[in-house]
Amino acid sequence: MHSKLLSTEIKISICFPAAAVKHLNPIVALMFFSEEERYVRANDRPSNLSYNYANNAIRTSKYNIFTFLPLNLFEQFRRLANAYFLFLLVLQLIPQVSSLSWFTTALPLILVLSMTAVKDANDDINRHKSDRQVNNRMVNILIDGVLKNEKWMNVQVGDIIKLESNQFVTADLLLLSSSEPLNLVYVETAELDGETNLKVKQALTPTGEMGDSIEALSAFKGEVRCEPPNNRLDKFKGTLTMNGQNYGLDNDKILLRGCTLRNTEWCFGLVIFGGPDTKLMQNSGKTKFKRTSIDHLMNVLVLCIFGFLFTLCFILAIGNAIWEVKEGSVFTVFLPREPGVNAGLSSFLSFWSYVIVLNAVVPISLYVSVEVIRLGNSFFINWDRKMYYPKNDTPAQARTTTLNEELGQIKYIFSDKTGTLTQNIMTFNKCSINGKNYGELYDFSGQRVEITEKTQKVDFSWNKLADPKFDFHDYSLLETVREGNPEAQAFFRLLALCHTVMPEEKKDGELNYQAQSPDEGSLVTAARNFGFVFRSRTPETITIMEMGEKVTYELLAVLDFNNIRKRMSVIVRSPDGKMTLYCKGADTIIYERLDHSCKKLMKVTTGHLNEYAGDGLRTLVLAYKHLKENYMEEWTQRHHEASTALDGREERLDELYEEIEKDMILLGATAVEDKLQDGVPQTIEQLAKADIKIWVLTGDKQETAENIGYSCNMLREEMKEVFIVAANTPEGEPSVAKARAGLFWLQKTETVQDEQVEGDYALIINGHSLAFALEKDLELELLRTACMCQTVICCRVTPLQKAQVVELVKKYKQAITLAIGDGANDVSMIKAAHIGVGISGQEGMQAVLSSDFSFAQFRYLQRLLLVHGRWSYLRMCKFLQYFFYKNFTFTFVHFWYAFFCGFSAQLCIDTYSWTTVNQFFVWGSLAAYFAITFTMYSSGMFLIFTSIFPFVGTVRNSLNQPNVWLTIFLASLLCVLPVVALRFILIQIRPTINDKVKKHLRPNIVYAFCGYEYSLMSHNTTNLGKDVFLQKVVLLLILLQVRYKTQMEAPPAPAPRRPVRRVSTRRSGYAFSHSQGYGALVTSERFLFKRPMKGRLAFSVQTDTPQPKLFRPIPVE
Amino acid sequence: MVKEEQEESPNRPDNTAFTQQRLPAWQPILSASIVIPMFVLIGAAFIGVGVALFIASRDIQLQELDYTGDDSAHPCYKCRSSTEKCTCSMTFSIPNLFKGPVFFYYGLTNYFQNQRKYGASKDDNQLYGDLDYFKDPSSSCDPYTRDSRNIPIVPCGALANSMFNDTFSLSHVVNGTQKIVPLNGKGIAWWTDYNVKFRNPSVTPLINAFNGTKKPTNWPKPIYELDTTDVYNNGFINQDFLVWMRRAALPDFRKLYRRITHDDYVNGLPAGNYTLTIEYNYPVYSFNGRKKVVLSNVSWMGGKNDFLGIAYIVVGSMCVVMSIVMLIVYAKFKFAEDD
């Protein structure tokens, strides 16, 4: 454990002058507009309609009643096999050629076509239903000066609509006004980018003045010119012309379809993009017809077999010509030549006749049978109790029935983070106060006790304001606080004061916190439960209940959080007049700013921090500092000057903050757990053992993603190197070049790693870097590097980029990919991957609707892939082998017989029974074959269809001869015995893992639903290294155990495992999951006034308030 | 919501062996203790069966008489090109008792009854006695659907038209006199053909059904007069007709002509000299065909078939050899690396 390599972080950051990130680029009003520009006039339907912009109705269905038949048939005949059978059918209608009657092909073909058509129709009806459901949602539209409740699909571009709290945003809107001060609205964008924290949007002041005045709004004659519909979620460019003045529009004024309005009573918006033009729909990707690799293989096989078939027929046609010349010409006594038929023509005709006779090599029933088997396997997935989640009563569901066997071939898994790997719940888990660690339980002997769901929780009932959902297990902390320990009290006081959370108290005592990020919320909630209840705030005060006592602090300043500072502070004056600075932030940052007196405490706390980080917890360090009255006065003065300065304001403020946030006293540290879904690390471990690579693609922040990487065991301390590519580049020429330079290392690492793949590497890349890396000349480099890394995490990626990454791997790796996600932002990736999996049971259903498989928990992926996928694949392979074998036998008999019957395409085995058998009785084909033959050859059938069943009596007269049976018996054993002997010898000489494992587990018999399940496993073992080999053995044992467990009565529930404790050298650089707080808003003078006041013009938002820029982080470092 | 353990949610999949894929199944593991004895046993059993088959086949007696007459010394040579009714006879001797029941076959070679067009050239509905098809036979019979005067042919088609029409009689030379061996023509066709597939129209007398139709061009007499001795053995259910209409699978074939089951010959043909008299009508010379008469008896396993017995013996021996090979391999390699 010594000399462990430190994980290094390569950070590439490109800083841009502030001007580049300025958002309000005034766009010249008299621009030259190409037709690609969108032009919208508010409240002017006739004008807007003339541009034929799409309205808000969406259509994801493929057919309607009239187009169904032609389109569906066209689609189906694009399948090679169907077209081939149509061709056969045509051939059989020619009497000179036909060796079989036409309906031997027609019936199965019609059956296949109609089965597929019914399935397609059903799928499409479901799409119609969900479309209708969405299109029929109601929203208030302002029409002719009146608010009307209308359906979503009737919303037109240019309409003004009113949204209320918790409503979905109807279309892409320009925000006009809102109920909240400063024309703010809060939206949740989880559907779009997977981030669950609230985001703030702000309307332009001139439009905001209209408020909810219907007259003002219906008189609103603004004109919007903006970019054409596109899929970029974080960009918007346009201008609003209003009363002869131009205002620049950017993304902060746009509400996107798919968001949900939160904490905002109402807001008004102008529809800019509707339905298919909205960014959500533009991001959703195309629905593609998914096919499995077996399908492709089958197509190739079928093509080969066609070639083979035509060769056979060609040989037979030549044979026919020879026969006609040599034998047929003299046999005319009993079989006269048809007029005009000579040897050449006869051989030509016999070629086509044999095409029909020998078509059994590619029988149409193959396709039906394959579909039936897949359907069966899908049912097994639906029926699996091990993939049923009792908590929300959701069984697994195979929504696409045609992809089962592909599950066993997955090489890459692309996973979303929020809601898929994590539960998106933050819990206050541990803390270190004054060098003492709380949150862990020990038994009497001093051993650490695992905390499970059954562990007794701390009772907070003494505190009437406590949040009942809050769980904590360590009693000693509560005791310490209640005993009046000053550090512990200061600790929670800090948590109750230093934040930007907004309280909502609907009923007395029923507190509800609105936090910008869930981890901030969890900290305030923890303080609340431990007796420091944050009650209310005004711009100047914060009121908290300290152990039941109401205390109001005067809020002097908020030193807000941002990505560079990685800390936030508040300066408050307590009722007794003491002024204190409370600060919380990333450990590395705070430690630099601590007073020398806490050296000792720092050491102890560092130990705790390492422990927390090792457990994958998010940590924050808390510190405080008492301030002197006179210093504070002077500082406030300077602060005021700085904040009103016209240039260099931000720099000056930063300097001031830096100055006051030093020589602080350390209080302790908090550890918040981003709760993983059950069993995620174990599942990832198992999948990794099966040589499946997992990439995490998330819209969330890099730090968050990294943290989850550690807690899922995807990133590990032992890893040699964790590459972080985090360039931040808004568009523009120079930055492209810089980003390229930044990515140059990719080439270098590639050559380094090509030689030595031993040792684990990880790659973390953010959305901006990814955008450049995905360009033509770099994407291969990216892929090569990424594939050499054990773990790849892409953060801050847009839904479309997710899909692009998937496409990239699909294109160049020729590997089977699987995408798993739960939100609308995963839809495009789910559609792009070979197999899409949706996490069901959550609120949004979009991911499930577009997925191929859905279940409630990430951990079921293990069973889906390693058990169902594997079984499906093996069953399918067995079936195909048998099928081709059987049909070749059938065909070769006819080929052989041709040499005896004058190459005349005479059948020697009847095809009817054969086709029927294949069609309906894939299972137990032998038994069914005999059953069917006996009926078909019976007299009854002949009496009904005299000319169709001419073969009456054949079976009866042939099968009663012992000779026949003896021959059949001999032939079958002759086929089986060599295989048995060969296998036996192979087992002796070169035993596979299967053989060994089987030998170990059971002396003679392995219980299995289908034979030879493990043969695939052993396929490549000779080429693999010893490690991989061992891993596979382990996996196999696990797999076997899984099924052995099923034979016992009740398999014990897997015990929830804590993340493995690691001795960590990694310090958490983690601060918050949000990028910039809204401290400015919190302290803003007008913040808590409900009604916007008239004459707001004096208050210029654009210049005075630093605007919250929430969709994109400002450049790192 | 979390449900009680007892009351299961309807969404929860059923816990049955089938849905949970716990159905018992077995997969034999090819261990030495099973495979090697199995091969030995199978080998022994096969050799046993093979020997039994071989003996059974060897005991079958077979007498073949080629009467094509392409050799000028052959008694039937004169009939080969004769256009008149021609009879020839051949003598042969049977050294030992030819055990009964004896089957009397005629055989043809290089004759493509299995040619597709030849085989398709018939009308099943007509042969089933459907009078509609008497007047209007299926076009599959072309060019034997109608005669030159456009009268429909019944039975139509090349298959019926080419019906074998040589007749045979067999006599035993007893003390210098010819004693006719009675030939039994009953039940030589398939039961299904006689009872199901072929049927005379229900018109009495039978001849009336054929009003307005013609006999096949090659036939000397119409189908309702095929058997002059037995009125019931006429029409489509005539045994010889049925035998002919049941097409042979291979170009060299033999078809059952009669059985010898009566009088003194119930137990078989005694040793002695026999004369076969042939009424020679059927032309095969043009396509290098040959005609022959075959006398044979059968055993429990069917007709003479040496191949099957030999095949069993060979496969059986191979199994035994294989078991020895496997034993050696097993002894030498086993599980080399036992972990």
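Letters go in sequence order (proteins before strands), and every chain restarts at 1.
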When you measure from the side chain of [X] to the backbone N and O of [Y], does any donor-acceptor pair fall under 3.5 Å?
X: A:Tyr897; Y: B:Ala249; answer: yes
X: B:Tyr312; Y: A:Leu966; answer: yes
X: B:Gln20; Y: A:Arg385; answer: yes

- Report yes if the side chains of B:Phe39 and A:Leu977 come closer than 4.5 Å at any heavy-atom pair, otherwise no.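 They are in contact (side-chain heavy atoms under 4.5 Å apart), so the answer is yes.
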
- Message: Counting C-beta onward and ignoring hydrogens, is there a side-chain heavy-atom pair between A:Leu970 and B:Phe46 closer than 4.5 Å?
- Response: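 In contact.
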
- Listed by chain and number, what are the disulfide (SG to SG under 2.5 Å) partners of A:Cys901, not counting sequence neighbours?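 Checked A:Cys901 against disulfide (SG to SG under 2.5 Å); zero matches.
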
Please report the interatomic distance [atom1]([X]) to [atom2]([Y]), rounded to the nearest 0.5 Å.
X: B:Asp252; Y: A:Phe900; atom1: CG; atom2: CZ; value: 9.5 Å
X: A:Thr967; Y: B:Leu308; atom1: OG1; atom2: CG; value: 4.5 Å
X: A:Asp384; Y: B:Thr19; atom1: CG; atom2: OG1; value: 8.5 Å
X: A:Phe903; Y: B:Phe112; atom1: CZ; atom2: CZ; value: 9.0 Å

What part of [X] lies closer than 4.5 angstrom to a heavy atom of chain A: side chain, backbone, both or neither?
X: B:Leu127; answer: neither
X: B:Ala17; answer: neither
X: B:Asn15; answer: both

- Message: With chain A as the partner, which of B:Met38, B:Gln115, B:Gln113, B:Met301 has the greatest number of non-hydrogen pairs under 4.5 Å?
- Response: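 Of the candidates given, the most pairs with chain A belong to B:Gln115.
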
- Which one of B:Asn114, B:Val284, B:Asn110, B:Leu159 has the most heavy-atom pairs closer than 4.5 Å to chain A?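 Top count of heavy-atom pairs under 4.5 Å with chain A: B:Asn114.
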
Atom pairs and distances, donor-acceptor, side-chain atoms in residues 313-323 of chain B, under 3.5 Å, two or more places apart:
| unit_1 | atom_1 | unit_2 | atom_2 | d |
| --- | --- | --- | --- | --- |
| B:Ser317 | OG | B:Ile313 | O | 2.5 |
| B:Ser323 | OG | B:Val320 | O | 2.5 |

Please report the closest heavy-atom contact between [X] and [Y], naming both atoms and the distance.
X: A:Pro395; Y: B:Asn11; result: CG-O, 3.5 Å
X: A:Arg875; Y: B:Gln21; result: NH2-OE1, 2.7 Å
X: B:Met326; Y: A:Phe984; result: SD-CD2, 3.4 Å

- Task: Answer yes or no: are there more than 12 heavy-atom neighbours, outside A:Phe899 itself, under 6.0 Å from its atom CZ?
- Result: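 Enclosed: over 12 neighbouring heavy atoms sit under 6.0 Å from CZ of A:Phe899.
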
- Message: With a 6.0 Å cut-off (strictly less than), is the heavy-atom count around OH of B:Tyr133, excluding the residue itself, greater than 12?
- Response: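 For B:Tyr133, atom OH is not crowded (no more than 12 foreign heavy atoms under 6.0 Å).
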
- Task: Determine the interplanar angle of the A:Phe331 and B:Phe287 rings, folded into 0 to 90°, and report it as parallel if under 30°, tilted if 30 to 60°, perpendicular if over 60°.
- Result: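 The rings of A:Phe331 and B:Phe287 stand perpendicular, inter-plane angle above 60°.
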
- Query: Mind checking whether A:Phe379 and B:Phe18 have ring centres under 6.0 Å apart?
  - Reply: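 No, ring centres 6.0 Å or more apart.
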
- Task: Take A:Ser353 and B:Arg116, measure what side-chain contact (heavy atoms from CB on, under 4.5 Å) needs, and give me the verdict at the end.
- Result: CA-CA 10 Å; A:Ser353 300; B:Arg116 178 168 58 89; 3.3 Å; yes

- Item | Contact origin within A:Tyr389 toward chain B - heavy atom pairs under 4.5 Å |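 Answer is neither: A:Tyr389 stays 4.5 Å or more from chain B.
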
